[in-house]
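See structure below.
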Amino acid sequence: QVQLVESGGGLVQAGESLTLSCAASGRTFSSFTMAWFRQAPGKEREFVARINRGGSSTSYDDSVKGRFTISRDNSKNTVYLQMNSLKPEDTAVYYCAAGSLWLPVASRNQYGYWGQGTKVTVSS
């Protein structure tokens with residue numbers, strides 16, 4: 001079992017940066033693959049980035065590749081999403097997720113634990 005709490009969302013202007021954090025409870029954080037998803041108003045929840053248990057492998061959706069960086073600190077039970085060069089189309093509620101799989105393609109059903117989300121708004 002793991003509980004996830006996101007923080008760091010807010011209102012920024014296009015081109016600015018923001019870092020999201022996701023704090024996990026429980027003793028087995030390092031056993032989980034972690035991911036960030038996002039959901040814009042009226043749209044499906046979509047994959048953003050993921051990181052494996054040890055932090056040695058990451059993958060990103062093409063829409064954020066080169067702008068966002070996912071990282072984790074297993075000693076702090078925390079996963080981060082550094083978001084640079086933000087665009088209005090990045091506006092969404094961002095969700096942290098924990099799972100046990102690392103398949104060639106990331107999808108929502110690989111993650112069994114979810115946070116409550118943190119809202120990011122990027123103004124033009």
Side-chain angles (χ1 to χ4, degrees):
Q1 287 278 350
V2 63
Q3 293 183 330
L4 306 171
V5 179
E6 302 97 333
S7 61
L11 172 63
V12 297
Q13 293 188 335
E16 294 184 340
S17 299
L18 205 59
T19 299
L20 306 182
S21 299
C22 172
S25 65
R27 300 180 180 179
T28 58
F29 176 73
S30 60
S31 68
F32 289 98
T33 294
M34 300 300 296
W36 288 94
F37 285 74
R38 66 185 180 187
Q39 187 166 16
K43 294 188 176 182
E44 295 285 320
R45 191 172 300 187
E46 63 179 11
F47 167 74
V48 175
R50 61 177 176 168
I51 188 167
N52 69 348
R53 296 177 180 82
S56 59
S57 294
T58 59
S59 69
Y60 300 88
D61 182 77
D62 286 345
S63 64
V64 306
K65 202 170 293 184
R67 299 188 298 123
F68 290 12
T69 302
I70 188 171
S71 62
R72 68 189 296 164
D73 186 339
N74 286 345
S75 68
K76 295 182 179 180
N77 285 5
T78 303
V79 62
Y80 305 95
L81 185 68
Q82 172 69 41
M83 306 185 293
N84 298 328
S85 303
L86 282 161
K87 305 175 181 179
E89 51 263 44
D90 294 319
T91 295
V93 177
Y94 283 71
Y95 297 90
C96 174
S100 57
L101 299 175
W102 184 275
L103 299 179
V105 177
S107 65
R108 285 181 61 180
N109 60 11
Q110 297 169 14
Y111 299 90
Y113 301 97
W114 295 82
Q116 82 291 347
T118 185
K119 187 174 183 180
V120 173
T121 304
V122 184
S123 64
S124 57

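In this structure, Arg45 satisfies the cation-pi test against Tyr95, with its NZ or CZ atom closer than 6.0 Å to the six-membered ring centre and inside 45 degrees of the ring normal. The cationic group of Arg72 lies under 6.0 Å from the six-membered ring centre of Phe29 and within 45° of the ring axis, placing it in a cation-pi geometry.
Panel note: side chain Glu6, backbone Cys22; no donor-acceptor pair is recorded below 3.5 Å. Judged by distance alone, the side chain of Thr78 and the main-chain N or O of Lys76 form a donor-acceptor pair under 3.5 Å. With hydrogens and angles disregarded, no donor-acceptor distance shorter than 3.5 Å links the side chain of Thr121 to the backbone of Thr91. For the pair Arg38 (side chain) and Val120 (backbone), a donor-acceptor distance under 3.5 Å is absent. A donor-acceptor pair is defined here as one N or O able to donate and one able to accept, closer than 3.5 Å; such a pair exists between the side chain of Arg53 and the backbone of Ser31. Listed for the Asn74 side chain is no donor-acceptor partner under 3.5 Å among the backbone atoms of Gly54. Using modelled atom types, no side-chain atom of Glu46 and backbone atom of Ala40 make a donor-acceptor pair closer than 3.5 Å.
The cluster map of Ile, Leu, Val, Met, Phe, Trp and Tyr, joined by side-chain heavy atoms under 4.5 Å apart, puts Phe47 and Trp36 in different clusters. Taken together through direct or relayed side-chain contacts under 4.5 Å among Ile, Leu, Val, Met, Phe, Trp and Tyr, Val93 and Phe68 form parts of separate hydrophobic clusters.
One finds the OG atom of Ser25 at 7.0 Å from the CG atom of Leu4 (value rounded to the nearest 0.5 Å). Rounded to the nearest 0.5 angstrom, Asn52 CG and Leu101 CG are separated by 13.0 Å. The distance from atom OG of Ser59 to atom NZ of Lys65, rounded to the nearest 0.5 Å, is 8.0 Å.
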Considering only distance and modelled atom types, tabulate donor-acceptor pairs under 3.5 Å from the side chains of residues 79-87, sequence neighbours left out.
unit_1	atom_1	unit_2	atom_2	d
Gln82	OE1	Thr19	OG1	2.4
Gln82	NE2	Asn84	OD1	2.7
Asn84	OD1	Ser17	OG	2.9

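For Glu16, the CD atom sits in a packed shell: over 12 heavy atoms of surrounding residues, nucleotides or ligands are nearer than 6.0 Å.
Side-chain atoms of Arg50 and Trp102, non-hydrogen and from C-beta on, do get closer than 4.5 Å to each other. Side-chain atoms of Tyr111 and Phe37, non-hydrogen and from C-beta on, do get closer than 4.5 Å to each other. Between Thr33 and Gln110 the shortest side-chain heavy-atom distance does not fall below 4.5 Å.
Residues Val2 and Ala24 come closest through the heavy atom pair CG2-CB, 3.7 Å. In terms of heavy-atom proximity, Leu18 sits nearest to Gly8 at CG-O, 3.5 Å.
Each of Val64, Leu20, Asp61 was scored for a side-chain contact (heavy atoms from CB on, under 4.5 Å) with Val48, with one residue passing: Val64.
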**Request:** Carefully, step by step, assess Tyr113 and Phe32 under the rule side chain to side chain contact (heavy atoms under 4.5 Å, CB included).
**Result:** CA-CA 10 Å; Tyr113 301 97; Phe32 289 98; 3.7 Å; yes
